[in-house]
Q: 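Quick one: this structure, given as C-alpha cells, is what I'll be asking you about.
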Amino acid sequence: MMSNELIWDQVDQYFMEKLIPEDKALKQVLITNRELGIPEIDVSPTQGKLLYLFAKMKGARNVLEIGTLGGYSSIWLARALPESGKVYTLEMEQKYADIAKQNIKQAGCENKVEVIVGKALDTLPLLKERGITPFDFIFIDADKQNNPQYLRWALKLSESGTIIVADNVVRNGEVIDANSKDERVQGIRQFMDIIANEPRIEATSIQTVGTKGYDGFVIGVVK
Ligand SMILES: C[S@@+](CC[C@H](N)C(=O)[O-])C[C@H]1O[C@@H](n2cnc3c(N)ncnc32)[C@H](O)[C@@H]1O
C-alpha cells in the first residue's frame, strides 16, 4: 500500500498529464525559482489551473493577488484575462518581486501583470487611491497571520459578484486546533470567524491533497 503522500502526488501527476498540456513558460518559472532559491510554496499546477478556470468562469478583468512570490499563480491568472485585463499582485520582498517580473516577462504576460512591492497592508490602501478598484477576482496567498486584515481589505476593494479565494486554510488539518501556537493557523481561524459572521460574503471551503500535501482553500462570492 502506497503512503498517502505518494498516492496524492502520483494522482496529481496523472491529472497534470491528462489536463495540463506541457507549458514551457510555466515550467521555466519553476526552474528559475528553484535555481534562484525561491521557496517552493507556489500553487501546484492543478491549483494554478483551478485559479485560471475560476477567473475564466467569472469573466474576470481586474484581479488582485496578495502574495506574488515568483509570479507562478500571477501568470495563471493573467492568462485567464482578456487582453485588456490586469492582475495587480502584491509582494513584500524586492528579490521575489524582481524575479516575478522576469518570470512574467518570459511568459509574455508583462502587459497584463503589475507587481507592486511593499507590505500588502501598506500597498492595499494605495490601490483605491489609484482608482483601479473594484476588483472582480481576489486571490489571498501571503502571510496567513494577516488574513483577517486581507479579507477586510478584499471586501473594501470588491463589488457585488467579486470572487475571493484564499489558499492554505487547512494546513495539514491544524486549522481545527483552537490552541495552536502557530500564528498562521490563528490567522486562518480569525479569517474563518470573520467569514462566518459576514453577511456580505457567501463562501465554502474545499480540502485538497496533491503534490503540495494536504491543505485547502476558501472560495467566496461577494453578495
Ligand atoms: C505562498 S507565497 C505566494 C505564492 C504565489 N501566490 C504562487 O502561488 O505562485 C507568499 C508570498 O507572500 C509574500 N508576503 C509575505 N508577507 C507579505 C506581506 N506582508 N505583504 C506582501 N507580501 C507578503 C511572501 O514574500 C511570499 O512571496
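Each ligand, and each atom within it, is numbered from 1 in the order the structure gives. Computed from a predicted structure; not experimentally measured. Throughout, residue positions are numbered sequentially from 1 according to the sequence presented.
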Q: Starting from atom 8 (O) of ligand 1, which protein heavy atom do you reach first, and at what distance in Å?
A: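 Of every protein heavy atom, V43 N, 2.8 Å lies nearest to atom 8 (O) of ligand 1.
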Q: Is D182 salt-bridged to R189, going by a charged N under 4.0 Å from an acidic O?
A: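 No, no charged N to carboxylate O under 4.0 Å.
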Q: Do V115 and L26 belong together in a cluster built from hydrophobic side chains that touch within less than 4.5 Å?
A: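 Same hydrophobic cluster.
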Q: Identify the protein heavy atom lying closest to atom 10 (C) of ligand 1, giving its residue, its atom name and the separation to 0.1 Å.
A: D141 O, 3.2 Å
Q: From atom 9 (O) of ligand 1, work out which of N146, L90, N33, D42 has a heavy atom at the shortest distance.
A: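 Looking at heavy atoms only, D42 sits closest to atom 9 (O) of ligand 1.
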Q: Closer than 4.0 angstrom: is that true for some heavy atom of W76 and an atom of ligand 1?
A: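 False for this residue.
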Q: Under 3.5 Å, is there a donor-acceptor pair between the D215 and N172 side chains?
A: no
Q: Between E65 and S73, does any side-chain donor sit less than 3.5 Å from a side-chain acceptor?
A: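 The answer is yes; a qualifying pair exists.
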Q: Can you tell me how the ring of Y52 sits relative to the ring of W76, calling it parallel under 30°, perpendicular over 60° and tilted otherwise?
A: perpendicular
Q: For ligand 1 and K144, I'd like to know whether there is a polar contact (N/O to N/O, distance under 3.5 Å).
A: no
Q: Return the residue, atom name and 0.1 Å-rounded distance of the protein heavy atom closest to atom 20 (N) of ligand 1.
A: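 Looking only at protein heavy atoms, the one closest to atom 20 (N) of ligand 1 is A120 N, 2.8 Å.
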Q: Would one find an N or O of Y150, backbone or side chain, under 3.5 Å from an N or O of ligand 1?
A: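 Yes, since at least one N or O of Y150 sits under 3.5 Å from an N or O of ligand 1.
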Q: Could you tell me whether E83 and R61 make a salt bridge, using a distance below 4.0 angstrom between a side-chain N and a carboxylate O?
A: no
Q: Does at least one non-hydrogen atom of G118 fall below 4.0 angstrom from an atom of ligand 1?
A: yes
Q: Can you pull out the closest protein heavy atom to atom 22 (N) of ligand 1? Residue, atom name and distance to 0.1 Å, please.
A: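 Ranking protein heavy atoms by distance from atom 22 (N) of ligand 1, first comes M92 N, 3.1 Å.
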Q: Where is the nearest protein heavy atom to atom 27 (O) of ligand 1: which residue, which atom, and how far?
A: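 Going atom by atom, the protein heavy atom closest to atom 27 (O) of ligand 1 ends up being E91 OE1, 2.6 Å.
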Q: So for atom CD1, which belongs to I176, do other residues, nucleotides or ligands contribute more than 12 heavy atoms lying within a distance under 6.0 Å?
A: no
Q: Does at least one non-hydrogen atom of Q47 fall below 4.0 angstrom from an atom of ligand 1?
A: no
Q: Using distance alone, determine whether G71 and ligand 1 share an N or O pair under 3.5 Å.
A: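 G71 vs ligand 1: no N/O contact under 3.5 Å.
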Q: Which ligand 1 atoms, with their elements, are less than 4.0 angstrom from a heavy-atom of G67?
A: 3 (C), 5 (C), 6 (N), 11 (C), 12 (O)
Q: Starting from atom 17 (C) of ligand 1, find the nearest protein heavy-atom neighbour and note its residue, name and distance.
A: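 In this structure, atom 17 (C) of ligand 1 has D143 OD1, 3.5 Å as its nearest protein heavy atom.
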Q: Heavy-atom contacts under 4.0 Å between T68 and ligand 1: side chain, backbone, both, or neither?
A: backbone
Q: Taking I132's backbone N and O only, do any of them form a donor-acceptor pair with N62's side chain (distance below 3.5 Å, no angle check)?
A: yes
Q: Near E65, which atoms of ligand 1 are under 4.0 Å from a heavy atom of that residue?
A: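 Taking each heavy atom of E65 in turn, ligand 1 has 6 (N) under 4.0 Å.
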Q: Could you say whether the N/O atoms of F139 and ligand 1 ever approach to under 3.5 Å?
A: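 No, F139 has no N/O under 3.5 Å of an N/O on ligand 1.
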Q: Would you please test Y214 and N4 for side chain to side chain donor-acceptor pair (under 3.5 Å) and show each step?
A: CA-CA 10 Å; Y214 169 39; N4 280 343; over 6 Å; no
Q: Below 4.0 angstrom from a heavy atom of K119, which ligand 1 atoms are there? Numbered from 1 as shown, please.
A: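 With K119 as reference, the close atoms of ligand 1 come out as 20 (N).
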Q: Measure the spacing between CZ of F135 and OG1 of T162 and express it to the nearest 0.5 Å.
A: 10.0 Å
Q: For ligand 1, note which part of Y96 has a heavy atom under 4.0 Å away: side chain, backbone, both or neither.
A: side chain
Q: Have Q94 and D98 got a donor and an acceptor in their side chains that come within less than 3.5 Å?
A: yes
Q: What protein heavy atom sits nearest atom 5 (C) of ligand 1, and how far away is it?
A: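 For atom 5 (C) of ligand 1, the nearest protein heavy atom is S73 OG, 3.3 Å.
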Q: Which residue, D42, N168, D12, forms the side-chain hydrogen bond (donor to acceptor under 3.5 Å, both in side chains) with K212?
A: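 Only one option passes, and that is D42.
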Q: Can a salt bridge be assigned to the pair E198 and R200 using a cut-off of 4.0 Å between side-chain N and carboxylate O?
A: yes
Q: Anything under 30° is parallel, anything over 60° is perpendicular, the rest tilted; go ahead and classify F54 against F217.
A: perpendicular
Q: Hey, is ligand 1 close enough to E93 that some N/O pair sits below 3.5 Å?
A: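 Checking ligand 1 against E93, no N or O pair falls under 3.5 Å apart.
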Q: Based purely on interatomic distance, does I41 place a nitrogen or oxygen under 3.5 Å from a nitrogen or oxygen of ligand 1?
A: no
Q: How close does the nearest protein non-hydrogen atom get to atom 14 (N) of ligand 1, and which residue and atom is it?
A: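 Here the nearest protein heavy atom works out to A142 CB, 4.0 Å.
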